[in-house]
Amino acid sequence: MSKEYKIGVIRGDGIGPEIVNEALKVLDKASEKFGFTLKYTDIDMGGCSIDKYGVPLTDEAVKAAKESDAVLMGSIGGDAKTSPWYKLEPSKRPEAGLLAIRKELNLFANLRPSMLYEELKSACPLAEKTADKGFDMIIVRELTGGLYFGERYTKNSQGMETAVDTLSYNELEIRRAAYKAFDIAMKRNKKVTLVDKANVLDSSRLWRKITESVAAGYPDVEYDTMLVDNAAMQLVKDPAQFDVILTENMFGDILSDEAAMITGSIGMLPSASLNDTSFGLYEPSGGSAPDIAGKNIANPIATILSASMMLRYSLDQDEAADAIDDAVKKVLRDGYRTGDIYSEGCKKVNTDQMGDEISKRI
C-alpha cells in the first residue's frame with residue numbers, strides 16, 4: 001500500500017491558481033511514478049479569503065494547514081494601487097494572512113535556493129567568467145527573531161527624536177535554525193557557511209558559539225564562518241563557493257534578494273518556510289503578478305520547484321524531488337521558455353504547456 005500524504009493547497013490570488021495547477025500536475029505525475037499518494041485540501045488565504053470571509057486568514061484555514069503534512073502555496077495579494085483589498089486596515093490586507101499563518105505554524109526557518117541554470121546564463125548580471133562557473137546554493141534564514149521582532153520605540157530624548165530597535169536572539173532560536181541548515185547540507189554538498197557580524201555584535205557571537213556546537217554533531221559537513229559585509233561581496237565575486245548559507249533574520253532578508261538577483265530571473269526561484277517538525281509551507285519567491293493573471297503566460301517553474309522542495313524536505317521523497325528537478329533542467333535544455341525567460345531561437349510556451357512539458361520528462 002502506497003504512503004499517503006495530506007497536502008494543503010493555497011491557490012491564492014493573481015497568477016497563483018494558474019501556477020499551482022501546473023505544480024499539482026507535476027506532483028501527480030511524480031507521485032504516480034514513485035509510488036505514493038497525495039491528498040489535497042484547498043485552503044483560502046489572502047485576497048480570495050477577504051472576498052469570501054472578510055479576513056485574509058480564517059481559523060478554519062489555520063486548522064486545515066495544521067492538519068496537513070505540508071502546504072503548497074501560489075501567490076497572494078493584488079495591485080496595491082488599485083485593489084480594494086489595500087483600502088482595508090493593514091491587519092485585514094492579503095499579506096497579513098501570510099504573516100499570521102507563519103506565526104500560527106511556527107515557521108522559523110526560511111529556505112531560499114539560488115541556482116544558475118546553464119541555459120539561462122545570459123540573464124546573469126555577473127561577469128561572464130563568474131557566471132560560467134555556475135552556482136547552486138540555499139540560504140537558510142532565521143525568520144521569527146532578531147531585529148524585526150525585538151522591542152522597538154521612538155521617543156524624544158533631550159529635545160531630539162531617538163529611535164531604538166532591539167536585536168535579540170536566544171540559544172533555542174539559533175540552535176533550531178542551525179539544525180535545519182546542517183540537515184539540509186546533508187542532502188546537498190555538505191557545506192555550511194554561517195554569515196554574521198561577530199566582530200561587532202554580541203548576538204552574532206552567540207550565533208557562532210551555538211552553531212559551532214551544532215556543527216560538532218555533523219562531522220561530514222564542512223563548516224565555516226563569514227562576516228556579512230564580506231558575504232555580500234563574495235556573492236558577486238564567487239557565488240560558486242557557497243552551498244548552504246545560515247544567517248539571522250535581517251542579514252538573510254538582504255542576502256537572499258541579492259542571491260535571487262544574480263540568477264537573472266526571480267520567476268525561477270522557489271522558497272520554503274519550515275517549523276521544528278517536518279512541516280513546511282512552500283511557495284514561489286515571486287509575487288502574484290495581477291497584471292498577467294488569467295492570461296496563461298506566467299512562469300510556473302518556481303512553484304514546481306517549490307513542490308520539489310516539499311517532497312524533499314517535508315515528505316522525504318528525495319527520488320521524486322530529483323526527478324522534478326531533472327525534468328525542469330531537461331525542459332530548459334530542450335529550449336522551452338515562458339515569456340519572462342524567452343530568448344531568440346527558443347520555443348515560447350504558455351503556463352500549462354510548460355507544466356505539460358515538465359510532466360512528460362519525469
Novice: For the pair R176 and D276, find out whether any cationic side-chain nitrogen is under 4.0 Å from an anionic carboxylate oxygen.
Specialist: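 Result for this pair is no, no salt bridge flagged.
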Novice: Answer yes when D132 and K129 have at least one side-chain N-carboxylate O distance shorter than 4.0 Å, and no when they do not.
Specialist: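 A salt bridge is absent here (no side-chain N lies under 4.0 Å from a carboxylate O).
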Novice: Is it true that E67 and K63 have a side-chain N and a carboxylate O under 4.0 angstrom from each other?
Specialist: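 Counted as a salt bridge, because a side-chain N and a carboxylate O are separated by less than 4.0 Å.
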Novice: With a 4.0 Å cut-off, would you call K66 and E104 a salt bridge?
Specialist: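 Looking at E104 together with K66, the answer is yes, because their closest N to O distance falls below 4.0 Å.
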Novice: Taking E32 first and then K29, would you say they form a salt bridge - that is, a charged N and a carboxylate O separated by under 4.0 Å?
Specialist: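 Judged by the 4.0 Å cut-off on N to carboxylate O distance, E32 and K29 do not form a salt bridge.
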Novice: Does one side chain, of Y148 or D253, offer a donor that lies under 3.5 Å from an acceptor on the other?
Specialist: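 D253 and Y148 do have a side-chain donor-acceptor pair below 3.5 Å.
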Novice: According to the interplanar angle, ranging from 0 to 90°, do the rings of F36 and Y5 count as parallel (below 30°), tilted (30 to 60°) or perpendicular (above 60°)?
Specialist: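 Perpendicular.
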Novice: With sequence neighbours left out, what residues match Y117 under ring-ring contact (aromatic ring centres under 6.0 Å, His included)?
Specialist: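 Applying ring-ring contact (aromatic ring centres under 6.0 Å, His included) to Y117 gives none.
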Novice: Is the W207 ring parallel, tilted or perpendicular to the Y169 ring (thresholds 30°, 60°)?
Specialist: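 Taking Y169 first and then W207, their aromatic rings stand perpendicular (interplane angle over 60°).
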Novice: Would you mind checking if K190 and D243 are paired as a salt bridge, meaning a charged N to carboxylate O distance below 4.0 Å?
Specialist: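 No, no charged N to carboxylate O under 4.0 Å.
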Novice: Quick one: CG on L172 to CD1 on I210, what's the gap to the nearest 0.5 Å?
Specialist: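 Taking CG in L172 and CD1 in I210, the distance rounds to 10.0 Å.
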Novice: Could you go through the salt bridge (Lys or Arg N to Asp or Glu O under 4.0 Å) check for R208 and E212 one step at a time?
Specialist: CA-CA 6 Å; R208 287 205 178 185; E212 187 174 338; over 6 Å; no
Novice: If the test is side chain to side chain contact (heavy atoms under 4.5 Å, CB included), which one of V331, L332, D340 qualifies with I301?
Specialist: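 Of the listed residues V331, L332, D340, the side chain to side chain contact (heavy atoms under 4.5 Å, CB included) partner of I301 is L332.
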Novice: Share the residues that join I101 in a hydrophobic cluster, the rule being Ile, Leu, Val, Met, Phe, Trp or Tyr side chains under 4.5 Å apart at the heavy-atom level.
Specialist: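 Listed partners: I10, I43, M45, L57, V62, V71, M73, I76, L98, L105, L107, F279, L281.
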Novice: Do K197 and D229 sit within salt-bridge range, that is, some charged N less than 4.0 Å from a carboxylate O?
Specialist: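 Counted as a salt bridge, because a side-chain N and a carboxylate O are separated by less than 4.0 Å.
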Novice: Looking only at the side chains, is there a donor atom on one of D51 and W85 sitting less than 3.5 Å from an acceptor on the other?
Specialist: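 W85 and D51 do have a side-chain donor-acceptor pair below 3.5 Å.
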